[in-house]
Amino acid sequence: MSKGRENETGVSEFLLLGITNDPQQQQILFWAFLCMYLVTVAGNTLIFLAIISDPRLHTPMYFFLANLSFVDVCFTTNLIPRLLASHVAGTRTISYVHCLTQMYFLISFANVDTFLLAAMALDRFVAICYPLQYHTIITPQLCVGLAAIVWICSGLISLVHTLLMSRLSFCSSIPEISHFYCDAYLLMKLACSDTRVNQHVFLGAVVLFVAPCILIVVSYVRITMAVFQIPSAKGRHKAFSTCSSHLSVVTLFYGTVLGIYIRPPDSFSTQDTVATIMYTVVTPMLNPFIYSLRNKDMKESVTRLLNKGSKSS
């Protein structure tokens, strides 16, 4: 086998270029990411425990929110600890297996996020547009079934991407990824083998990613139409208030994701890193605040849980 062929197939690790090469900026980013990660884990864990411990929150909407909080912790844990460890160790390399593993969980958790947001929109749609049939339509069995389908399908979709990525070859012995994690877009750009199948599957994944967004938009159009048919201003405000938290999270999540990935791979630039940080780190961190500050029941449940914890200690 020729030396060039060895370089093409013998990749054992990748080099993550990260966000910046400035040591001072790296130090600032390290503490910023560490703080955001700790807040994300603490906030989402608190939301998850509050929903489990409070019988008043054992409703379909909060069931999906508990799943969302759990996946947000998993999502950031897949990225940030490795980023922090590489800064402490002073190395930017990531092994081939670790890179594909990180990519697998990244795609899987991102898909779970989108499907859960769509399920929550569907829940609000039925609650506002068909209030009398709500408990007949949105049953506990349906919620558990939807959640199971979301997690299983997301894992299978991600597995297809990962297997297709594993068949690609790279010309450089240590390919450089201009990001702080293993991104499927950038890995395809680095490949020197045929990526047409990967690109077709990726396009299908984008369509599948946008489909929940369309469902959310349609749901809120119908919700808006139904709310404006409510005669009293107080009734309209109450109906809208039940959707405000979810709508804020949807806007924050999709606003950054669609701006990055609904484009051809060749147009990806380092400037997109800021937007990437928004949906990978900032959005999961803000979700607990959005849901707890705008929701009276959640705020009371979280306060009760914190008080119980302080008394027991």
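Only heavy atoms go into these numbers, but all of them, side chains included; no hydrogens, no water, no symmetry mates. All of these numbers come straight from a predicted model, not from anything done at the bench. Positions are given from 1, in the same order as the sequence printed here.
- Distance check: Phe253 CZ to Leu286 CG gives 13.5 Å after rounding to the nearest 0.5 Å.
- Put simply, CD1 on Ile19 and CD1 on Ile28 are 12.0 Å apart, with the number rounded to the nearest 0.5 Å.
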Legend entry - Test side chain to side chain contact (heavy atoms under 4.5 Å, CB included) applied to Ser169 and Cys192, step by step: CA-CA 6 Å; Ser169 55; Cys192 58; 4.1 Å; yes
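- The hydrophobic cluster containing Leu156 does not contain Leu203, counting ILVMFWY residues as joined when their side-chain heavy atoms lie under 4.5 angstrom apart, directly or transitively.
- Closest heavy-atom contact between Ala147 and Phe63: CB-CE2, 3.7 Å.
- A donor-acceptor distance shorter than 3.5 angstrom exists from the side chain of Thr45 to the backbone of Val41, with no hydrogens or angles considered.
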Legend entry - CA sep, side-chain torsions, deciding dist, call: Phe30, Val88, side chain to side chain contact (heavy atoms under 4.5 Å, CB included): CA-CA 9 Å; Phe30 171 82; Val88 173; 3.8 Å; yes
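- Scored by the disulfide bond (SG atoms under 2.5 Å apart) test, Cys243 finds no partners at all (sequence neighbours excluded).
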Inset, instruction - Could you go through the side chain to side chain contact (heavy atoms under 4.5 Å, CB included) check for Ser166 and Tyr96 one step at a time? - result: CA-CA 9 Å; Ser166 66; Tyr96 179 83; 3.9 Å; yes
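- Looking only at distances, a side-chain donor or acceptor of Ser86 sits under 3.5 Å from a matching main-chain atom of Leu83.
- No more than 12 heavy atoms of other residues, nucleotides or ligands shown are found within 6.0 angstrom of CD on Gln24.
- Of the possible donor and acceptor atoms, none in the side chain of Thr77 sits under 3.5 Å from a partner among the backbone N and O of Cys74.
- Between atom CG of residue Leu100 and atom CD of residue Gln102 there is a gap of 10.0 Å, rounded to the nearest 0.5 Å.
- To the nearest 0.5 Å, atoms OG (Ser154) and CG (Leu116) are separated by 7.5 Å.
- Phe125 has its side chain out of reach of Val218: every pair of non-hydrogen atoms, C-beta onward, lies at least 4.5 Å apart.
- Judged by distance alone, with hydrogens and angles left aside, the side-chain atoms of Ser193 form no donor-acceptor pair with the main-chain N or O of Leu168 at under 3.5 Å.
- Checked against Asn287 for a side chain to side chain donor-acceptor pair (under 3.5 Å), the options Thr40, Asp72, Asp113 give a single hit: Asp72.
- With hydrophobic clusters built from ILVMFWY side chains whose heavy atoms lie under 4.5 angstrom apart, Ile214 shares a cluster with Leu208.
- Residues Leu106 and Phe75 have side chains in contact (heavy-atom distance under 4.5 Å, counting atoms from C-beta outward).
- Looking at every heavy atom in both residues, Met285 comes nearest to Val39 through CG-CG1, 3.6 Å.
- Contact detail for Met61 and Tyr134: the closest heavy-atom pair is N-OH, 4.5 Å.
- The stretch residues 48-59 participates, sequence neighbours left out, in these side-chain hydrogen bond (donor to acceptor under 3.5 Å, both in side chains) pairs: Asp54-Arg56, Asp54-Ser301, Asp54-Arg304, Arg56-Glu300.
- Counting only heavy atoms from C-beta outward, the side chains of Met298 and Tyr62 approach each other to under 4.5 Å.
- Under a 4.5 Å side-chain heavy-atom cut-off, the cluster of Ile, Leu, Val, Met, Phe, Trp and Tyr residues that includes Val201 is completed by Val160, Leu164, Val197.
- Taking CD1 of Ile51 as the reference point, atom CG of Leu305 lies at 11.0 Å (rounded to 0.5 Å).
- In this structure, Asn111 contributes its side chain and Ile107 its backbone to a donor-acceptor pair below 3.5 Å.
- Side chain of Thr195 to backbone of Asn198: no donor-acceptor contact under 3.5 angstrom is found.
- Of the residues Leu17, Leu15, Leu190, the one that meets the side chain to side chain contact (heavy atoms under 4.5 Å, CB included) test with Ile177 is Leu190.
- The shortest side-chain heavy-atom distance between Val249 and Tyr291 falls under the 4.5 Å cut-off.
- Scanning both residues, Leu187 and Cys182, for their nearest heavy atoms gives CD1-CB, 4.5 Å.
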Inset, instruction - Would you sort out whether Leu146 and Phe115 count as a side chain to side chain contact (heavy atoms under 4.5 Å, CB included), showing the intermediate values? - result: CA-CA 9 Å; Leu146 280 176; Phe115 292 141; over 6 Å; no
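- The side chain to side chain contact (heavy atoms under 4.5 Å, CB included) check on Ile80 picks up Phe33, Tyr37, Thr76, Leu84, Val281, with sequence neighbours excluded.
- Transitive grouping of hydrophobic side chains (ILVMFWY, heavy atoms separated by less than 4.5 Å) keeps Val250 and Val217 in distinct clusters.
- Counting heavy atoms from C-beta on, the side chains of Leu186 and Lys189 come closer than 4.5 Å.
- Taking CG from Leu34 and CG from Leu29, the interatomic distance works out to 12.0 Å, rounded to the nearest 0.5 Å.
- The two atoms that bring Val11 and Pro175 nearest to each other are CG1-CD, 3.8 Å, heavy atoms only.
- Scanning for ring pair (Phe, Tyr, Trp, His ring centres under 6.0 Å) contacts around Phe105 gives Phe109, with sequence neighbours left out.
- Taking hydrophobic clusters as Ile, Leu, Val, Met, Phe, Trp and Tyr residues chained together by side-chain heavy-atom distances below 4.5 Å, Ile174 does not share a cluster with Met103.
- Both Leu38 and Phe48 are assigned to one and the same hydrophobic cluster, defined by single-linkage of ILVMFWY side chains at heavy-atom distances under 4.5 Å.
- Of the possible donor and acceptor atoms, none in the side chain of Asn44 sits under 3.5 Å from a partner among the backbone N and O of Phe70.
- Applying the ring-ring contact (aromatic ring centres under 6.0 Å, His included) definition to pairs two or more places apart or across chains, those involving residues 220-239 are Tyr220-His246.
- At least one side-chain heavy atom of Phe209 sits less than 4.5 Å from a side-chain heavy atom of Tyr254.
- Residues Leu68 and Val71 approach most closely at O-CG1, 3.2 Å, considering heavy atoms.
- Counting only N and O atoms by type, the side chains of His87 and Gln27 include a donor and acceptor under 3.5 Å apart.
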